[in-house]
Amino acid sequence: IYDPEVSQAIVDHAKKEIIPEAVAFEQAKRYAREIVPSFSATAYFSVGIRFARWLSKTLYRIKLGSFDRKRLSEIDPDAAVIFVINHRSNMDYVLVTYLAANAGALSYAVGEWARVWPLSTIIRAMGAYFIRRKSRGALYRRVLARYVQMATRGGVSQAVFPEGGLSLDGKLAPPRMGLLNYIIEDFDPVARKVIFVPVALNYDRVLEDTILIAAGKAGTRRFKPPFLNVLGRFLRHVALRVTRRFRGFGTASVSFGDPLELSVFRQYISGDLTEAVATELMQRIADVTPVLGVPLVSRHLLAHPKIDLATLQDLVEASVNDLGALKIPLPRRSAEEVAKDAVNRMKARKLVVETSQGLEVTDLGQSILTFYANSIDHHFAALAKVDVKNAAIAE
């Protein structure tokens with residue numbers, strides 16, 4: 001709060017709003033207390049990581065996709081490491097915390113939605129800092145910027161979601177460059193290296209999928225599920241566990257892309273450095289986004305109405321073989337297992353029904369299956385470009 005840049009922002013704010021500097025100072029102090037996490041090493045390492053591991057494994061079958069252990073181990077231990085992650089679910093925080101435990105404590109930038117119970121408790125305990133996504137005040141932005149910059153210069157490992165919020169349609173959204181810009185504008189290679197590590201996540205089941213889809217249709221990011229609805233889902237989940245009928249939510253997969261060292265990357269950029277970094281990181285995230293059973297099967301069910309299971313299995317196998325040319329994380333199980341598992345999960349949620357003519361997507365399933373298929377559509381677009389290029393070379 002006594003940082004020179006914050007102090008100047010307080011003076012400027014007081015003049016602009018015609019208020020005493022003491023009042024502006026107290027306002028800045030409230031912002032700082034809201035933003036800066038009350039990190040507890042005991043809570044993080046003794047409780048947080050263990051809880052993250054338990055919650056991840058009890059809900060999902062965890063799969064590690066692309067992971068260049070040697071490349072990641074060579075990162076300078078004194079560098080400020082920034083994990084840049086696509087945002088699919090609030091489970092992202094928990095999953096990455098568990099899988100990136102060896103990197104030390106991660107400080108997350110979280111928005112309003114991440115404060116929803118029960119995930120908010122563990123998220124805050126693990127050193128997350130809260131961001132008012134809709135705040136446009138210069139004083140607030142300066143306080144936030146200085147926290148991020150001080151944390152970076154101090155070597156704090158951070159995790160940011162450049163999309164600025166959860167995906168409402170399953171696709172990667174264009175990056176918002178606020179936090180990245182704060183880091184880049186204060187970058188001093190002499191003081192400390194800054195290395196960005198792209199991280200891509202995908203799920204067979206996003207816990208909030210229906211809420212996100214509804215928000216997308218409504219054109220708003222107001223996530224306020226009724227308390228009774230949340231309580232009902234929780235009690236049903238407990239009942240399934242007690243009766244041993246809970247089968248998990250399928251696979252959750254995390255991939256780590258090629259790290260981007262800021263001091264090296266900027267040597268090749270002549271234009272806006274923040275925009276170039278954001279664009280490159282989003283592309284690296286897209287390149288390693290895992291292909292899972294439900295998204296892949298969803299794509300084929302939407303494209304082929306009234307398809308039989310045998311034909312679906314053939315299409316899944318063909319897609320996996322084709323996508324192998326892109327060297328991306330793919331299902332390791334057989335096409336038969338992948339198709340049957342995905343279809344059974346969809347039937348249980350009444351997204352798909354089986355008729356005498358084959359598998360049909362229900363009205364409820366149309367939007368939900370589209371949500372999952374969107375998460376891997378860019379891989380098929382990239383594959384089409386490769387096919388066109390190869391055809392041109394052949395000619």
Side-chain angles (χ1 to χ4, degrees), residues 5 8-9 12 66 68 71-72 74-76 78-87 107-109 111 131 133-138 140-165 167 169 171-200 255-289 326-328 377-379 381-386 388-389 392:
E5 292 189 33
Q8 184 59 53
D12 295 342
S66 299
D68 190 337
R71 180 82 181 273
L72 292 173
E74 291 173 349
I75 292 178
D76 186 344
D78 292 326
V81 179
I82 317 294
F83 291 88
V84 185
I85 313 166
N86 68 316
H87 208 0
S107 182
Y108 287 93
I131 294 178
R133 299 287 187 189
K134 296 183 180 180
S135 177
R136 296 294 182 267
Y140 176 82
R141 290 199 303 270
R142 181 46 51 191
V143 174
L144 174 61
R146 290 308 293 153
Y147 167 73
V148 173
Q149 291 164 354
M150 288 177 173
T152 304
R153 289 215 173 195
V156 175
S157 295
Q158 299 175 60
V160 301
F161 298 92
E163 294 166 286
S167 173
D169 58 8
K171 298 178 181 179
L172 284 174
R176 296 183 181 182
M177 291 171 277
L179 290 179
L180 292 178
N181 190 57
Y182 294 155
I183 295 169
I184 292 170
E185 70 178 5
D186 188 61
F187 175 61
D188 180 0
V190 177
R192 190 181 297 274
K193 291 181 181 179
V194 173
I195 298 175
F196 297 100
V197 178
V199 182
S255 288
F256 294 81
D258 290 333
L260 185 154
E261 186 171 340
L262 186 55
S263 59
V264 175
F265 183 78
R266 71 172 184 167
Q267 297 175 13
Y268 304 97
I269 304 301
S270 57
D272 187 305
L273 180 58
T274 300
E275 184 176 354
V277 168
T279 301
E280 179 63 24
L281 288 172
M282 291 306 293
Q283 184 58 55
R284 295 190 186 191
I285 289 172
D287 289 344
V288 295
T289 300
L326 299 179
K327 298 181 180 180
I328 57 178
D377 272 354
H378 62 279
H379 288 316
L383 187 61
K385 291 180 181 179
V386 170
V388 170
K389 183 178 179 180

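All values derive from a computational prediction rather than experimental measurement.
Take Gln267 and apply the side-chain hydrogen bond (donor to acceptor under 3.5 Å, both in side chains) test, not counting sequence neighbours, and it matches no residue. Partners of Thr289 according to the side-chain hydrogen bond (donor to acceptor under 3.5 Å, both in side chains) rule, which considers only residues two or more places apart in sequence or in another chain, do not exist here. Residues forming a salt bridge (Lys or Arg N to Asp or Glu O under 4.0 Å) with Asp169 (at least two apart in sequence, or on another chain): none. The side-chain hydrogen bond (donor to acceptor under 3.5 Å, both in side chains) test applied to Thr279 returns no partner, not counting sequence neighbours. For Asp12, the side chain to side chain contact (heavy atoms under 4.5 Å, CB included) partners at least two apart in sequence or on another chain are Gln8. Under the rule for a ring pair (Phe, Tyr, Trp, His ring centres under 6.0 Å), the partners of Phe161 that lie at least two apart in sequence or sit in another chain are His87, Tyr93. Here Ser255 pairs with nothing under the side-chain hydrogen bond (donor to acceptor under 3.5 Å, both in side chains) rule; sequence neighbours left out.
One finds the CG atom of Leu172 at 9.5 Å from the CD atom of Gln283 (value rounded to the nearest 0.5 Å). To the nearest 0.5 angstrom, Leu281 atom CG is 11.0 Å from Asp258 atom CG. For the atom pair CD1 (Ile285) and CZ (Phe196), the distance works out to 11.5 Å, reported to the nearest 0.5 Å. With rounding to the nearest 0.5 angstrom, the CD1 atom of Ile82 is 11.5 Å from the CG atom of Leu260. Between the CZ atom of Arg141 and the CZ atom of Arg146 there is a distance of 15.5 Å, given to the nearest 0.5 Å. Within the model, atoms CD1 of Ile85 and CD of Glu163 stand 10.5 Å from one another, a figure rounded to the nearest 0.5 Å.
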Contacts under 3.5 angstrom, residues 182-195 side chains, donor-acceptor by atom type, not counting sequence neighbours:
unit_1 : atom_1 : unit_2 : atom_2 : d
Glu185 : OE2    : Gln149 : NE2    : 3.1
Asp186 : OD2    : Arg153 : NE     : 2.9
Asp188 : OD1    : Val190 : N      : 3.1
Arg192 : NE     : Arg153 : O      : 2.8
Arg192 : NH1    : Asp78  : O      : 2.5
Arg192 : NH2    : Arg153 : O      : 3.3

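Side-chain contact between Ile328 and Val288 is absent, with no heavy-atom pair separated by less than 4.5 Å. The closest side-chain heavy-atom distance from Ile75 to Val197 is below 4.5 Å. Side chains of Met282 and Pro162 form a contact here, defined as non-hydrogen atoms less than 4.5 Å apart. Looking at Val160 and Phe83, their side chains never come closer than 4.5 Å, going by heavy atoms from C-beta outward.
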- Residues Val84, Val199; criterion side-chain contact (heavy atoms from CB on, under 4.5 Å); working and verdict: CA-CA 6 Å; Val84 185; Val199 182; over 6 Å; no
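A salt bridge is defined here as a Lys NZ or Arg NE, NH1 or NH2 lying under 4.0 Å from an Asp or Glu carboxylate O, and Glu5 with Arg142 meets this definition. Using a 4.0 Å cut-off between a side-chain N of Lys or Arg and a carboxylate O of Asp or Glu, Lys171 and Asp377 do not qualify as a salt bridge.
Residue pairs meeting the salt bridge (Lys or Arg N to Asp or Glu O under 4.0 Å) criterion with at least one partner in residues 266-279, sequence neighbours excluded, are absent.
The main-chain N or O of Gly257 is never found under 3.5 Å from a side-chain atom of Arg284 such that the two would form a donor-acceptor pair.
Gln158 and Thr152 get closest at one heavy-atom pair: NE2-OG1, 2.9 Å.
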